Structures are given as structure tokens and as C-alpha cells.
There are 2 protein chains.
Amino acid sequence: MFDMEPEVLERFTWYMREQSALTIMFHTKVAEQMGLSATDEKCLDLAMRADGPLTAGRIAELSGLSTGAVTGVIDRLERAGFVRRVRDPHDRRKVLVEVTAGDLAKFAHLFEKAQQSLVQVLSRFDPDEIEVIERYLQLQIETFRKAVINT
Amino acid sequence: MFDMEPEVLERFTWYMREQSALTIMFHTKVAEQMGLSATDEKCLDLAMRADGPLTAGRIAELSGLSTGAVTGVIDRLERAGFVRRVRDPHDRRKVLVEVTAGDLAKFAHLFEKAQQSLVQVLSRFDPDEIEVIERYLQLQIETFRKAVINT
DNA sequence: TCGAACATCTTAGCCGCTAAGACAATTCCT
DNA sequence: AGGAATTGTCTTAGCGGCTAAGATGTTCGA
């Protein structure tokens, strides 16, 4: 479609890298403040972002952990009150991990500062510009997902 | 500056979250393929993104690890040929961690697919739109860094 | 010059992870 | 239907990285 000077790509690469590093730091901090390990928080996030409840095995697949490790993760998350084990009535071998919404509200304040930053940033762009940015983010996420998952 | 419908914020929050999750997965995969733990790769990234060589202690601060853990990290990175320990000539207590550029080139291909995705995404935007997106990313990174670091 | 402060390394103990196998439920095949 | 193979989760042993505390070597100030 459009050509691009190499400097543009170079700058965007830097943005990506910087964003990555910040994301990982943020992730670490959030986990810490919730009293969880980064691994546990990562699995909790998977469970929250999923459509329905995930099974233990699916969490293992998505997180890249062994099933044994996931047993431990769920134990800790359950003990901390973030999730609940429910046996799947249609296949009683399976364990469904239900996120208990209640306890999560306690940690909303952790994301409030991030949310506020976002509002502040977005206020600097008019509706047309917002539309461009959204298109970029959507495309970037979609493309990156394909690239990451098939690696 | 500009007002915003709540749905816009909601959508952007979702983008951020999705990007975070993908970033963390990507980071895990890259580390794995380099034969490093996520922790080691994170520290290597810190060392690479810094202006000059970092000291071991500074890496501990930036990564949130204990100094003892950082000793282990540097041991492994050094053994794998990614970095080199150099004693600071001005203060011989300090250990400077120099990234040895050579061995890193071997892993460029890991980022190639990500780079290609980026080019593909950017080709869908004209120069004016690119400018908007860059302004957004710069602002977002800057604002987020302040929010994260002072938490 | 000597003691305090500093930077890194070492060590002990803990905890999470992997791999392998146990156990329970389900599906398949005849 | 009934036994074997498969599937999903949990248990366990062993390994390795992390923290905290203290050891070692270096610098700085009085």
C-alpha cells in the first residue's frame, strides 16, 4: 500500500520494544501487589479474558506450563479467593476454573492509575485521530497474534 | 482537550490488555528459543536498551531482583556468551555488564517475523496517519512510564 | 590511616517448575 | 455391554532459581 522510510520502521521498533519492557514491569508490579507470583497472575488473566470458564488443562496449554504446575497455580489462586474449582458436569474428569468476580474488585485501584493515564493520553486526540489509532491497534493486535501463535 | 464516549475508553482498555497478554507470551517464547529463562532475557533486554553498560547493582534495581539473583543471571548470560563482566576501572568494586553484540545477531531471526508484521501493519497507513500513531505511541509510552515507575 | 559505607559474591533454605506416573472418568471397539 | 485405550487432573521426586544474610574486597571521609 504505502511505502515507508527505514527510519519510521526503526522508530516503531523502538516503540514496540519500549512498550514491551514497560508492560512486563507493570505486570510484575500488579502481580506483586495482588500477592501473587507473575505466573499466577498470568493464569488469572487468562481465565478472566476467556469467554467461559477454562479447564485446568486449557490453562496449561495457553500458559505453556505443565499440568502439574497448573494444579499448584489453581491451588494458590483458589486459596487467595480469586477462583473456584468446579467439576464439569458433562465430563467429570475436567476441572473448570471459575473466576469469582467479587474479590477482584478489591484490586481495581491498581489499574486506576493506568486507566487515568490512558484517558489523559486519549484526550489529546480528536475523534478522527482516535479512529486512526484504533484501526492501528486492532490491526497490530490481530497481526501480532497470528505471528506469535504460529511461532 | 477532547471529550470521549465511555465506549472508546472501554475499547482502548481492551486493546491495552490484549497487547499486554500478547507481549508477555511473545517475551516467554523469545526467551525460550534463546535458551534463557524469562528472567535472564528480561535482564539482557535491560542491558541492551541502556545507554552505556549497566552495573550488576543497577540491574538488580531495574529488574527488582536481589543482588544475589543478579549474580546468577550474569553468570548464565556470560556462560551463554551474551554479555561480559568488566570491572569498572574507576571503581573496582563495580562490575560492568557489557553486551557482546556478536552473539545477539544469531537471534535476529526471532524478531524478524515480528518486524515483518509491523511492516505489514504500517503499510496500511498513509504518512499523515503514521504521524498520528507515532504521536500516540510516544505519549502513551511516556505517560505510562511515569505511572508505572511511581507506583 | 582506620572505620564506615558500598558493590558484588557466596551460601542456606525455600518454593515453584518439570517429568513421570497414579488415579479417575470417558470413549472406543468389538 | 464390557474391557482396553484415551483423556484430564493430581501427586511426587528432583532440580534450579530466588531471597536474605553474611563474607569479601574496594572506596571514601575524618
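Predicted model only: the values in this text are computed from it and were never measured. Numbers restart at 1 for each chain; the letters A, B, ... are given by sequence-line order, proteins then strands.
For B:Tyr136 and A:Tyr15, the distance between ring centers is not under 6.0 angstrom.
Heavy-atom nearest nucleotides on DNA chain C were determined for A:Thr39 and for B:Leu96, and the one closer to the 5' end corresponds to B:Leu96. Nearer the 5' end of DNA chain C, as judged by each residue's closest nucleotide, is the contact made by B:Asp75, out of B:Asp75 and A:Asp88.
Among the protein residues, B:Ser37 comes within range of no part of the nucleic acid, since none of its heavy atoms lies under 4.0 Å from any strand.
With hydrogens and angles disregarded, no donor-acceptor distance shorter than 3.5 Å links the side chain of A:Thr67 to the backbone of A:Ala60.
An angle of 20°, rounded to 10°, separates the two end axes of the helix from C:dT1-D:dA30 to C:dT30-D:dA1, each defined over five pairs.
As rounded to whole Å, 8 Å separates atom P of C:dT8 from atom CD1 of B:Ile74. Rounded to an integer number of Å, the gap from A:Glu32 CD to D:dC18 C1' is 13 Å. Distance CZ (A:Arg92) to C1' (C:dA25): 7 Å, rounded to an integer number of Å. At whole-Å resolution of the value, CG in B:Asp40 and C1' in D:dG16 are 11 Å apart.
Side-chain atoms of A:Arg87 and A:Val95, non-hydrogen and from C-beta on, do get closer than 4.5 Å to each other.
The stretch residues 41-70 of chain B touches DNA chain C through B:Thr55, B:Ala56, B:Gly57, B:Thr67, B:Gly68, each having a heavy atom under 4.0 angstrom from the strand.
One finds no side-chain N or O of A:Arg85 lying less than 4.0 angstrom from the OP1 or OP2 phosphate oxygen of D:dG8. Within the 4.0 Å cut-off from OP1 or OP2 of C:dT26, not a single side-chain nitrogen or oxygen of A:Arg93 is found.
For B:Arg85 and B:Glu98, the salt-bridge test fails: no basic side-chain N is under 4.0 Å from an acidic carboxylate O. Ion pairing between B:Arg92 and B:Asp88 fails under the 4.0 Å rule for side-chain N and carboxylate O. Taking the charged nitrogens against the carboxylate oxygens, A:Glu142 and A:Arg145 have no contact shorter than 4.0 Å, which rules out a salt bridge. At a threshold of 4.0 Å, the pair B:Glu129-A:Arg135 counts as salt-bridged, since one of the basic side-chain nitrogens sits closer than that to a carboxylate oxygen. Between B:Glu7 and B:Arg11 there is no salt bridge, since no side-chain nitrogen of the basic residue lies less than 4.0 Å from a carboxylate oxygen of the acidic one. Salt-bridge check for B:Arg79 with B:Asp75: failed, with every basic side-chain N at 4.0 Å or more from each acidic carboxylate O.
Listed candidates were C:dC17, C:dT8, D:dG17. Nearest to the side chain of A:Arg76 is C:dC17. Taking only side-chain atoms of B:Thr71, from C-beta outward, the nucleotide of D:dG8, C:dT10, C:dA25 with the closest atom is C:dT10. Comparing C:dC17, C:dT8, D:dT11 by their closest approach to the side chain of B:Arg87 singles out C:dT8.
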